[in-house]
Amino acid sequence: MADYSKEEIKRIEQKWQEKWATDGAYKVVNDTSKPKYYALDMFPYPSGAGLHVGHPLGYIASDIVSRYKRIKGFNVLHPMGFDAFGLPAEQYAIQTGQHPRLTTEKNIETYKRQLKQIGFSYDWDREVQTSDPQYYRWTQWIFMQLFNSWYNKNTDSAEPISKLTLEFEKNGNAHINAVVDEAVAAFTGMEWKAKSEADKEAVLQQYRIAYLSETMVNWCAALGTVLSNDEVKDGVSERGGYPVERIKMMQWSMRITAYAERLLKGLDTIDWPEAVKEMQRNWIGKSMGCELTFPIVKGQESGDKSEASEGIKVFTTRIDTVFGVTFLVLAPEHELVDKITTAEQRAKVDEYVSVAKNRSERERMSEVKRVSGAFTGAYAKNPFNNELIPIWIADYVLAGYGTGAVMAVPGHDERDHRFAKHYNLPIVQVVEGPDVIEEAFVSWEAKIINSGFMNGMVVDDAIQAGIDKVEEWKIGKGKINYRMRDAIFGRQRYWGEPFPVYFVNGLPKLVDDKDLPVTLPDIDQYKPTETGEPPLGRAKDWNYKGHSYELTTMPGWAGSSWYWFRYMDPKNENQFVSKEAQQYWKAVDLYIGGSEHATGHLLYSRFWCKVLKDLGHVDSEEPFLKMINQGHIQGVSKFVYRINGTKQFVSAGLRKQYEVTPLNVDINMVENDALDIEAFKNWREDFADATFILEDGRYICGSEVEKMSKSKYNVVNPDDIVSAYGADTLRMYEMFLGPLELSKPWATNGIDGVYKFLRKFWNLFHDANGNVAISNDEPTKEEYKVLHKTLKKIEEDIETFSFNTSVSEFMICCNFLTSAKCNKRAILEPLVIALSPFAPHIAEELWSKLGHSTSILTSKFVSFDPSFLIENSFEYPISINGKVRAKMNFALDMPKEDIEKLVIASEIVQKWAEGKPPKKVIIVPGKIVNVVL
RNA sequence: GCCAAAGUGGCGGAAUUGGUAGACGCGCACGACUCAAAAUCGUGUACCGUAAGGUGUGUGGGUUCGAUUCCCACCUUUGGUACCA
């Protein structure tokens with residue numbers, strides 16, 4: 001006697017989870033003759049709140065694929081681990097003094113317990129934690145490789161720095177074509193050899209892929225650390241929403257810009273959502289244009305119009321509009337500002353520079369449309385028409401992009417137009433189109449006018465002609481520009497990987513390989529030191545052979561930028577991954593996770609993968625071949641409505657009659673929109689004496705779909721669902737909610753349908769008394785047809801990641817078999833195998849009830865047989881003028897003429913035709929008949 | 001502003017090489033079982049209309065024998081991005 005009851009579910013789920021664990025059912029071995037499949041979830045940061053039902057969505061999907069691929073004959077790598085370094089544990093440490101390691105360990109424990117009870121097929125022996133010294137020693141090792149390499153543009157590859165110094169000794173840097181941070185001074189081999197060690201290192205820092213430099217950083221005072229560009233949103237920190245300001249600081253950076261072109265091109269080779277690719281393309285921000293120099297002429301007051309030796313270098317994508325330039329604009333931080341400002345204008349310019357400097361990022365962003373600037377008093381000469389144009393400064397020009405200076409063409413650029421209007425600067429039309437006095441006209445298709453030799457050309461041709469001219473005059477050249485900046489790679493924080501770097505006389509040195517890992521020392525407090533050093537400055541006796549270590553730690557993305565390699569060979573003590581393991585597993589075949597990592601993790605991972613490939617450590621150019629972004633599961637918040645100034649609450653349907661304030665109410669106190677009034681009164685003290693205005697005797701709550709969050713009392717914990725319905729029901733319901741990629745609200749109400757399905761499915765194997773009852777009779781044709789239709793659909797759906805429709809198909813099949821009272825082994829056995837990726841526990845249990853002594857994990861998915869699906873007749877919908885009016889059954893091989901005759905003769909067509917002959921009859925075999933009257 | 005995705009019953013959603021719109025499930029209504037309730041099972045359920053019939057996939061046009069599916073314009077929502085020259 002065994003119903004599919006709550007107790008029975010609990011028993012079988014625990015039984016099989018234990019059995020799978022003791023049998024090592026999910027253990028993956030590398031060396032095998034089978035084809036491989038690598039299915040990976042984005043590993044989570046273990047937060048203190050634990051999992052809510054939204055988190056497992058993607059994990060369930062990848063688990064279904066993994067299990068399916070496995071019974072299709074693949075050797076499947078499906079691991080899980082933890083991105084364990086991170087700010088929340090450290091913030092908690094600052095507040096409480098508890099070591100972030102303890103917090104993290106505790107959270108990981110909770111996560112693992114929650115994950116395990118959902119029945120994922122992870123090989124936990126391959127688990128990685130980024131905060132584990134045995135893991136981060138390899139993060140440090142990879143950092144060292146990056147420090148020891150440079151990007152050779154000639155070979156389009158990263159190369160060892162030793163090769164570079166060899167060349168320096170021979171020929172200096174004359175023949176080197178490298179990606180470097182700024183203009184590097186030329187030197188000969190002799191000069192190189194004569195340099196001091198410090199000078200040599202200063203030069204090398206300009207070449208290294210991981211390098212130290214003084215740069216503008218996003219400083220977040222509240223978090224006490226710098227943040228990378230992708231961690232700053234709308235001028236505040238992504239985590240916590242604290243203000244961020246731009247300051248200059250000595251920092252570790254990663255020369256990701258060297259890979260801009262490859263990161264861009266590689267996007268065309270990978271199967272990712274177009275939206276994410278587009279985000280990366282925008283982030284990289286490639287633009288093709290022209291760099292040219294406008295000579296500066298001395299201030300007008302001197303009357304001297306002779307050219308100065310210096311010029312202002314600008315970058316433009318619209319050299320075709322160069323005849324329309326009426327002024328130049330420099331960023332306030334531009335190095336020439338000070339030099340060119342005239343005495344008269346000095347005060348105004350200084351004031352503007354200091355105001356612009358102190359404006360926070362936040363203010364700048366929110367005041368995008370506000371025009372501000374100052375005139376330097378200096379003039380430049382337009383090399384194309386020799387006109388004198390004033391030089392201004394304004395903060396709409398960014399120091400970090402292009403050359404930090406623009407040639408302003410107010411007629412054909414909106415920002416320049418706004419600026420010209422505001423300061424009464426001339427506006428000239430050089431592109432044919434509407435008048436530009438009131439509004440800039442921006443077009444890439446029109447003809448160029450008022451532009452000397454460019455007149456009559458279309459934009460593209462004029463751009464080419466302009467570049468040719470600039471190069472002919474040797475005042476500039478065509479140039480490709482990228483928006484992407486090098487990535488800041490240091491945090492003034494404790495809970496991260498220490499750098500394997502120490503300093504001798506201020507010069508950074510790497511520790512020996514054999515001394516890795518450099519472990520995180522214990523400290524008394526997790527705050528910065530009194531002197532403003534990072535927390536690691538508090539560590540006692542922490543040094544490398546008497547030399548002080550780097551005190552910043554690596555950012556959160558360090559450990560996650562290579563972890564998919566570690567899973568391939570997680571215990572290797574000699575390498576981060578062995579050549580054999582890497583060549584077998586290659587890259588991730590399916591990566592499921594959130595699109596919020598588009599310009600962070602997903603970009604950095606591609607970057608590191610390429611560097612490691614260039615240096616010969618791995619042989620895959622791209623880490624994640626296919627990616628799917630799962631949508632978010634949103635919470636459904638419930639509201640009660642308090643009449644303002646009272647303790648009376650009015651039911652949702654009547655709230656319009658009062659002035660009310662909506663209050664979030666715990667969703668556990670609401671069933672089908674009706675509030676449990678007693679529970680509500682007991683919830684919080686101030687509600688104890690609340691009164692209620694009801695409708696139809698019930699208090700109805702309002703609803704709203706919002707983010708799932710504690711503060712909105714709408715969090716649904718998977719533990720509760722598992723204990724009420726079981727893991728199999730949870731898994732299938734999450735899939736049943738809708739397409740994986742879409743965001744959708746969670747409503748626990750609907751889960752009954754999936755639960756009932758599993759119970760019905762269970763009942764197919766049992767008689768009315770709950771005893772196993774399987775028949776060995778030969779199934780009917782109809783039963784076979786339904787089975788194979790289901791198998792076909794499941795296979796197609798899994799291959800296209802359309803799991804919601806698979807669940808529906810299982811239901812349809814089960815409904816049919818239930819009404820047909822079919823308990824035949826020949827039907828149920830293939831079906832239970834097909835169900836096993838979705839609901840592994842019940843499938844394994846029923847599999848054993850079918851008499852199998854080996855696990856269903858070792859079974860083979862039964863592919864559908866098309867011969868069962870062949871139909872010989874079809875019930876045609878008969879539509880008249882496009883509206884379906886009747887159905888008629890015809891053999892599929894019946895000639896069209898015969899069908900037409902029968903249709904025209906039919907009662908229904910006769911009725912609508914009212915005696916007239918039809919104008920036309922369209923017959924699509926196996927689809928439809930349409931009669932046009 | 002720009003880029004991307006999406007708008008279908010009371011709700012989640014299904015159907016796109018153009019061919020029966022609303023599969024499957026929730027909810028709801030009615031019925032069975034029960035002293036009763038819960039659970040369970042059955043029937044019905046896009047909308048208007050007693051019916052015949054009509055109307056319906058964000059809005060307005062178009063192509064077609066036939067449009068949720070293709071084309072044009074617009075509206076709304078969500079995500080991303082933001083003075084990138």
Side-chain angles (χ1 to χ4, degrees), chain A residues 233-235 273-279 281-283 285-287 289-290 314-319 321 329 331 364-365 367-371 394-398 400-409 412-416 418-419 481-485 594-596 598-599 629 631-632 634 636 672-673 703 705 732-733 736-739 741-757 759 802 804-815 875-887 918-924 926-933:
Chain A
K233 295 263 145 84
D234 301 325
E274 205 44 51
V276 174
K277 290 198 202 179
E278 203 54 36
M279 273 188 245
R281 284 191 194 108
N282 292 339
W283 188 262
K286 180 180 183 174
S287 58
C290 179
V314 304
F315 173 75
T316 179
T317 56
R318 293 300 299 267
I319 189 70
T321 61
V329 190
R364 278 190 64 163
M365 299 228 180
E367 296 170 5
V368 162
K369 292 275 142 66
R370 207 188 73 181
V371 176
D395 67 359
Y396 85 85
V397 175
L398 305 176
Y401 183 78
T403 59
V406 305
M407 52 173 235
V409 185
H412 308 285
D413 180 282
E414 278 167 33
R415 294 149 306 174
D416 296 343
R418 265 203 307 274
F419 196 81
N481 206 20
Y482 297 94
R483 194 188 83 116
M484 183 168 66
R485 306 263 66 90
S595 60
E596 64 270 25
T599 52
N629 299 126
H632 292 159
Q634 295 142 319
V636 179
N672 288 336
D673 293 342
S703 303
V705 174
M732 291 198 89
Y733 185 54
F736 187 58
L737 280 177
E741 303 88 337
L742 297 185
S743 292
K744 55 243 158 189
W746 175 275
T748 304
N749 293 352
I751 203 169
D752 267 343
V754 170
Y755 169 67
K756 281 183 201 165
F757 154 70
R759 195 176 53 201
S802 175
N804 53 327
T805 47
S806 308
V807 179
S808 297
E809 194 65 27
F810 276 123
M811 288 173 169
I812 292 166
C813 177
C814 183
N815 288 345
E875 186 167 48
Y876 282 87
I878 311 299
S879 56
I880 294 167
N881 291 332
K883 289 267 177 217
V884 176
R885 297 293 176 186
K887 304 241 170 113
K919 286 196 188 111
K920 198 172 179 185
V921 179
I922 290 120
I923 296 165
V924 185
K927 293 275 189 189
I928 200 167
V929 177
N930 191 17
V931 180
V932 185
L933 293 172

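Residue numbers start from 1 in every chain, and the chains themselves are labelled A, B, ... in the order their sequence lines are given, proteins ahead of strands.
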Please report, rounded to the nearest Å, how far the [atom2] atom of [N] is from the [atom1] atom of [X].
| X | N | atom1 | atom2 | answer |
| --- | --- | --- | --- | --- |
| A:Ile878 | B:G66 | CD1 | P | 17 Å |
| A:Met811 | B:C24 | CE | C1' | 6 Å |
| A:Trp746 | B:C26 | CH2 | C1' | 13 Å |
| A:Phe419 | B:A85 | CZ | P | 18 Å |
| A:Met732 | B:C24 | CE | C1' | 12 Å |
| A:Asn282 | B:A82 | CG | P | 10 Å |
| A:Phe315 | B:C84 | CZ | P | 12 Å |
| A:Met407 | B:C84 | CE | C1' | 15 Å |

### Query
Step by step, would you call A:Met407 with A:Thr321 a side-chain contact (heavy atoms from CB on, under 4.5 Å)?
CA-CA 10 Å; A:Met407 52 173 235; A:Thr321 61; 4.0 Å; yes
Could you give the distance separating [M] and [N] at their [atom1] atoms, to the nearest angstrom?
| N | M | atom1 | result |
| --- | --- | --- | --- |
| B:G66 | B:U20 | C1' | 12 Å |
| B:U45 | B:G25 | P | 14 Å |
| B:U16 | B:A51 | P | 33 Å |
| B:G1 | B:C11 | P | 29 Å |
| B:U17 | B:A39 | P | 42 Å |
| B:C83 | B:C72 | C1' | 33 Å |
| B:U69 | B:A14 | C1' | 14 Å |
| B:G58 | B:A6 | P | 13 Å |

### Query
Hey, what do you get for CG (A:Asn282) to CZ (A:Arg483), rounding to the nearest 0.5 Å?
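Those atoms lie 7.5 Å apart.
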### Query
For B:G9, is chi within 90° of 0 (syn) or not (anti)?
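Classified syn.
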### Query
A:Val754 and A:Met811: side-chain contact (heavy atoms from CB on, under 4.5 Å), yes or no, with the steps?
CA-CA 8 Å; A:Val754 170; A:Met811 288 173 169; 3.9 Å; yes
### Residue closer to the 5' end of RNA chain B, A:Ser595 versus A:Glu809 (nearest nucleotide)
A:Glu809
### Task
For A:Tyr482 and for A:Lys920, find the nucleotide of RNA chain B with the closest heavy atom, then tell me which residue's nucleotide is more 5'.
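Nearest-nucleotide comparison on RNA chain B picks A:Lys920.
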Any side-chain heavy atom of [X] within less than 4.5 Å of one from [Y]?
| X | Y | value |
| --- | --- | --- |
| A:Ile922 | A:Val929 | no |
| A:Asn804 | A:Leu737 | no |
| A:Ile812 | A:Phe810 | no |
| A:Met732 | A:Tyr755 | no |

### Message
When you measure from the side-chain N and O atoms of A:Lys756 to the phosphate of B:C26, is any distance below 4.0 Å, counting only OP1 and OP2?
### Response
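Looking at the OP1 and OP2 atoms of B:C26, one of them is under 4.0 Å from a side-chain N or O of A:Lys756.
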### Task
Please determine if a side-chain N or O atom of A:Asn749 lies less than 4.0 Å away from the OP1 or OP2 oxygen of B:G25.
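So the side chain of A:Asn749 is outside the cut-off, no N or O lying under 4.0 Å from OP1 or OP2 of B:G25.
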### Message
Once you apply a heavy-atom cut-off of 4.0 Å, does A:Arg485 come out as touching a base, just sugar-phosphate, or nothing?
### Response
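Nothing: the residue A:Arg485, judged by heavy atoms under 4.0 Å, touches no strand.
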### Query
What is the nucleic acid contact for A:Asn881, judged by heavy atoms within less than 4.0 Å: base, sugar-phosphate only, or nothing?
nothing
#### Entry: Between A:Ser879 and A:Asn930: side-chain donor-acceptor atoms closer than 3.5 Å
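A pair is found: one side chain offers a donor N or O, the other an acceptor, under 3.5 Å apart.
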#### Entry: Under 4.0 Å protein heavy-atom contacts per nucleotide of nucleotides 5-23 of chain B, with B for base, S for backbone only and - for none
-------BSS----BB--B
## Note on the structure
Going 5' to 3' through nucleotides 42-60 of chain B and flagging B where a protein heavy-atom sits under 4.0 Å of the base, S where only the sugar-phosphate is that close, and - otherwise, we get -----------SS------
### Message
Evaluate A:Tyr396 against A:Asp416 for side-chain contact (heavy atoms from CB on, under 4.5 Å), listing each step before the verdict.
### Response
CA-CA 9 Å; A:Tyr396 85 85; A:Asp416 296 343; 2.6 Å; yes
Would you mind telling me which of [options] lies closest to the side-chain atoms of [X]?
| X | options | value |
| --- | --- | --- |
| A:Val932 | B:C83, B:C41, B:C65 | B:C65 |
| A:Arg418 | B:C83, B:A85, B:A82 | B:C83 |
| A:Met279 | B:G80, B:C83, B:A85 | B:G80 |

### Message
For a side-chain contact (heavy atoms from CB on, under 4.5 Å) check, start with the C-alpha distance between A:Phe315 and A:Ser287, then their side-chain angles and the critical distance, and finish with the verdict.
### Response
CA-CA 10 Å; A:Phe315 173 75; A:Ser287 58; 3.8 Å; yes
#### Entry: Short side-chain to backbone donor-acceptor contact, A:Lys927 and A:Pro877, under 3.5 Å
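No: the side chain of A:Lys927 does not pair with the backbone of A:Pro877.
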### Query
Should we say atom CD of A:Glu875 is surrounded by more than 12 heavy atoms from elsewhere, each under 6.0 Å from it?
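Counting other residues, nucleotides and ligands, CD of A:Glu875 exceeds 12 neighbours.
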#### Entry: A:Thr805 and A:Ser802: CA distance, side-chain angles, deciding distance, side-chain hydrogen bond (donor to acceptor under 3.5 Å, both in side chains) verdict
CA-CA 6 Å; A:Thr805 47; A:Ser802 175; 2.8 Å; yes
### Task
Kindly express the pairing pattern of RNA chain B in dot-bracket notation, using | wherever a base pairs with another strand and counting only Watson-Crick or G-U pairs under 3.5 Å.
(((((((..(((......[....)))((((((.......))))))(((....)))..(((((..]....))))))))))))....
### Message
If you take the centroid of each ring, where Trp contributes its six-membered ring, are A:Trp746 and A:Tyr733 closer together than 6.0 Å?
### Response
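For A:Tyr733 and A:Trp746, the ring centres are under 6.0 Å apart.
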